[in-house]
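Have a look at the structure below before the remarks.
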Amino acid sequence: MGRSERERPCVLVVEDNPVNLELAVALLEAEGCRVLTATTADEGIGLVAAQRPHLILMDIQLPGKTGYEATRQLKADPATAAIPIVALTAQAMTGDREKALAAGCDEYCTKPLDTGRFRALLHRHLGVQES
Ligand code: MN
């Protein structure tokens with residue numbers, strides 16, 4: 001795509017499961033994104049403050065602070081409220097979508113990630129070009 005490092009979309013993935021994290025990173029890198037990773041909510045919030053990613057993929061079940069709590073915190077801060085957050089949930093549990101949206105998530109995506117749907121989601125939020 002010939003994008004420079006500064007132009008590449010930056011995506012933060014907050015995910016404590018190493019297999020899920022690896023898959024998300026691989027898909028994002030294949031789409032030309034710069035990827036930041038965190039395995040806890042607080043680590044993720046710290047990276048948001050320091051790096052201002054264009055998009056956040058937020059696992060819900062995390063050790064300690066949940067993805068819902070982290071999302072509420074980021075959406076309550078005017079400095080980070082505009083960054084889209086996509087909730088990653090392990091399964092389509094009843095009410096998960098509603099809870100994610102109520103916490104302030106912009107969208108919700110079930111795991112395991114479906115490659116086609118995941119790419120479509122990236123294109124919606126980042127304008128990443130189809131390759
Ligand atoms: Mn998890």
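Just follow the structure's listing: the first ligand is 1, and inside any ligand the first atom is 1. Along the sequence shown, residues are numbered consecutively beginning with 1.
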Beyond-backbone contact of Val13 with Leu36, side-chain heavy atoms, under 4.5 angstrom = no
When rounded to the nearest 0.5 Å, the distance separating OG1 of Thr37 from CD of Glu22 is 11.5 Å
If you group Ile, Leu, Val, Met, Phe, Trp and Tyr by side-chain heavy-atom gaps below 4.5 Å, do Leu57 and Leu27 land in one group?
-> yes
Gap separating the CD1 atom of Ile60 from the OG1 atom of Thr89, nearest 0.5 angstrom = 7.0 Å
Protein N/O/S neighbour count - the Mn ion (ligand 1), strictly under 2.8 Å = 3
Atom pair CG/CZ of Leu101 and Arg97 - distance to nearest 0.5 Å = 5.0 Å
4.5 Å side-chain heavy-atom contact, Leu23 and Leu113 | yes
